[in-house]
Trainee: 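I have a structure I would like to understand better, so I am pasting it below and will then ask my questions one at a time.
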Protein chains: 2
Amino acid sequence: MSQQRHGSTPGEPGAVPAFPDLPEATVARLPEYLRALHNLGEAGADTVSSEGLAAAAGVNSAKLRKDLSHLGSYGTRGVGYDVALLIEQIEFVLGLDQRRAVGLVGIGNLGHALAGYDGFVSRGFKIVALFDADPDKVGERIHGLTVRHIDELGKVASEENVAIGVIATPAGAAQAVADELVAAGVTSILNFAPCVLSVPPGVDVRKVDLAIELQILSFHEHRKASLTALPGGRSATGAGNQEAVGS
Amino acid sequence: MSQQRHGSTPGEPGAVPAFPDLPEATVARLPEYLRALHNLGEAGADTVSSEGLAAAAGVNSAKLRKDLSHLGSYGTRGVGYDVALLIEQIEFVLGLDQRRAVGLVGIGNLGHALAGYDGFVSRGFKIVALFDADPDKVGERIHGLTVRHIDELGKVASEENVAIGVIATPAGAAQAVADELVAAGVTSILNFAPCVLSVPPGVDVRKVDLAIELQILSFHEHRKASLTALPGGRSATGAGNQEAVGS
DNA sequence: CGCGATTTGTGCACGCCTTCACAAGCGCCT
DNA sequence: AGGCGCTTGTGAAGGCGTGCACAAATCGCG
Ligand SMILES: NC(=O)c1ccc[n+]([C@@H]2O[C@H](COP(=O)([O-])OP(=O)(O)OC[C@H]3O[C@@H](n4cnc5c(N)ncnc54)[C@H](O)[C@@H]3O)[C@@H](O)[C@H]2O)c1
Ligand SMILES: NC(=O)c1ccc[n+]([C@@H]2O[C@H](COP(=O)([O-])OP(=O)(O)OC[C@H]3O[C@@H](n4cnc5c(N)ncnc54)[C@H](O)[C@@H]3O)[C@@H](O)[C@H]2O)c1
């Protein structure tokens, strides 16, 4: 399953990257660069400067250059970065050259929306299996996939070579589901349930919690409200604030 | 050194805290503590140690203590933190004492799921208005709310006193919607569309992008795969990894 | 009433990340 | 061919966040 050899540069075999430990902060920004690059590419741009790409991705240009330098990028001084080449580079580093199989557990309100989300397929992923514990849901067909019973997770996950598990069940069931995913050999989990998951070392968990996002916004609202009522007119710009780019 | 005077005790209006600039990292963790505290409270705990709460929230106990110390918390040495009191404290700091009104724009796949999400109401928010541009969607009733046309956003937003806007439209429409939200006086935006928003200073934007989360997981998968094929068996634990706590 | 067990609050050191500023490199124009 | 302007790549500095380790504080118990 692990592919390494991979001529990422068209015509230029070059040395296999065996690439370094990217700073985590950089890794988190690469997808953003990638999206911006795709937009630029579709808009007809062949090259882009760090300034331009930084604007499109909503970050500082120095940061962007440093990020790209970490993966030994191929920019041309005086010109900028080759859009197509950079896309290929980043996709390789992120491991998107192989379309990763995603298994989705919990086909409720959120699960339905996720199952039908085209943003997954267009960004390097493929949902290959849907699971639920509710007998009424099992058998339902959604976007060409049939909902399987959770008990089949182990079998189906290995058959379909599921690399990433997505949990969209109620919080109470999330840990049990995570355990089953891990038992099935899944080593990456995206968790939408508002709870902490316990997983063995080597398994990565990322969490998305909408209420937390709203509460952070609420904090800044609260802060802004008390600031306007006070002297000292700092135009306080919060955390998630973003600059940038017209279309 | 900082102000700790703060009548958060029920029935005590007290002096306005004018509370300090919490580190952003701390703010991002407070909601997690809050959720853990609610769980503990429902489980019947009156007090909790930093160790216990840290485990329930999936963080380091020293970090938790430092976080709480920033908001002048009231822990008791040798005992721990009073659960109910701490809940009140954090909810106050996050501005959750006033239930904030949320306006949701884009009632498609994702929008439907969000509109019916009970996690909003249970965590301090209230969806007060739904908007869409599609005439077929306008008028539809969802969980007691009627979908309004996007043109009514300005009017309805001020009527309902919308504090936070949630964007769940396609990326192409997101910037326009954001502009309208800002024009309507909304100063906090949660954006689900995969694009960078440009907003004036003083407006906070937070973004949730599922594809980015998956791509970060993909990177770690890729890295883990190349590590197992290489010497030096570091059990590399990625970024989002979480420890634990049982129930 | 005093002592030991327990737990908080925090000073401090370390490492990561961000940002500035600039030399080196590249292409284009004359 | 040479110079000029533009852009990348990076050294260095500063700030922020994390985690350790311990003193101070509180409670329960004898
Ligand atoms: N709806 C939203 O917009 C939204 C937003 C953010 C987070 N969430 C979170 O996502 C999760 C799902 O939300 P929802 O609104 O879709 O809830 P839901 O109740 O509509 O769906 C949950 C689904 O999980 C299934 N399920 C329950 N236990 C299971 C198990 N052990 N194995 C497999 N499937 C199981 C249920 O049958 C149901 O179909 C919740 O944790 C919720 O907090 C939802
Ligand atoms: N479906 C998912 O699970 C999912 C997950 C992550 C992110 N997203 C993102 O969320 C957004 C919505 O996704 P979706 O699957 O619900 O798409 P969708 O097409 O089902 O829904 C989009 C809705 O927005 C409405 N809309 C379009 N332009 C509008 C405008 N100018 N003003 C108001 N409403 C407008 C449309 O009428 C439609 O109802 C997209 O940007 C998508 O990338 C979706």
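Since this is a predicted model, take the numbers as computed values, not measurements. Chain letters run A, B, ... following the sequence lines, proteins first, then strands; residues in each count from 1.
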Trainee: Of the non-hydrogen atoms in Pro31(B) and Gln215(A), which two are nearest, and what is the gap between them?
Mentor: CB-OE1, 2.8 Å

Trainee: If you measure from CG on Leu86(B) to OH on Tyr33(B), what distance do you get to the nearest 0.5 Å?
Mentor: 10.5 Å

Trainee: Does the side chain of Ser49(B) get closer than 4.0 angstrom to OP1 or OP2 of dT7(C) through an N or O atom?
Mentor: no

Trainee: Please table the atom pairs, donor to acceptor, closer than 3.5 Å between any side-chain atom in residues 44-53 of chain B and protein atoms at least two apart or in another chain.
Mentor:
| unit_1 | atom_1 | unit_2 | atom_2 | d |
| --- | --- | --- | --- | --- |
| Ser49(B) | OG | Glu51(B) | N | 3.4 |
| Ser49(B) | OG | Gly52(B) | N | 3.0 |
| Ser50(B) | OG | Arg65(B) | NH1 | 3.0 |

Trainee: Between the opening five pairs and the closing five pairs of the helix from dC1(C)-dG30(D) to dT30(C)-dA1(D), how far apart are the helix axes, to 10°?
Mentor: 0°

Trainee: Assess the side chains of Ser198(A) and Gln175(A): does a donor N or O sit below 3.5 Å from an acceptor N or O?
Mentor: no

Trainee: Using whole Å, report how far CZ of Arg65(A) lies from P of dC20(C).
Mentor: 11 Å

Trainee: May I ask you to decide if Phe92(B)'s main-chain N or O and His222(A)'s side chain share a donor-acceptor pair within less than 3.5 Å?
Mentor: yes

Trainee: What is the nucleic acid contact for Ala25(B), judged by heavy atoms within less than 4.0 Å: base, sugar-phosphate only, or nothing?
Mentor: sugar-phosphate

Trainee: From the options dG27(C), dC26(C), dT19(C), select the nucleotide whose nearest atom is closest to the side chain of Val79(A).
Mentor: dG27(C)

Trainee: Taking the minimum atom-to-atom distance to the side chain of Lys66(B), which one of dT18(C), dT8(C), dT10(C) wins?
Mentor: dT10(C)

Trainee: Between dC17(C) atom P and Leu22(A) atom CG, what is the distance in whole Å?
Mentor: 10 Å

Trainee: Kindly indicate, with the supporting measurements, whether the criterion side-chain contact (heavy atoms from CB on, under 4.5 Å) is fulfilled by Ile87(B) and Leu34(B).
Mentor: CA-CA 6 Å; Ile87(B) 286 177; Leu34(B) 187 56; 4.0 Å; yes

Trainee: Of all heavy-atom pairs between Lys224(A) and Val203(B), which one has the smallest distance, and what is that distance?
Mentor: NZ-CA, 4.2 Å

Trainee: Write down the distance between CG (Asp67(B)) and P (dT8(C)), rounded to a whole number of angstrom.
Mentor: 14 Å

Trainee: Please determine, by modelled atom types, if His220(A) and Arg223(A) share a side-chain donor-acceptor pair under 3.5 angstrom.
Mentor: yes

Trainee: His70(A) NE2 to dT18(C) C1': how many Å, rounded?
Mentor: 11 Å

Trainee: Pick the nucleotide of DNA chain C nearest each of Arg29(A) and Gly78(B); which residue has the one closer to the 5' end?
Mentor: Gly78(B)

Trainee: Any side-chain N or O of Asn60(A) under 4.0 Å from OP1/OP2 of dC17(C)?
Mentor: no

Trainee: Mapping Leu68(B) and Thr76(A) to their closest nucleotides on DNA chain C, which lands nearer the 5' end?
Mentor: Leu68(B)

Trainee: Supply the atom-to-atom distance Ile164(B) CD1 to Arg206(B) CZ, rounded to the nearest 0.5 angstrom.
Mentor: 11.0 Å

Trainee: Quick check for you: name the first and last nucleotides of DNA chain D, 5' to 3', having an atom under 4.0 Å from a heavy atom of chain A.
Mentor: dC6(D) to dA12(D)

Trainee: Specify the separation, in whole Å, of atom CD of Glu24(A) and atom C1' of dT18(C).
Mentor: 16 Å

Trainee: Is there a side-chain polar atom (N or O) of Tyr74(A) under 4.0 Å from OP1 or OP2 of dG25(C)?
Mentor: no

Trainee: Within this structure, what is the OH-to-C1' distance between Tyr81(B) and dT6(C), rounded to whole angstrom?
Mentor: 13 Å

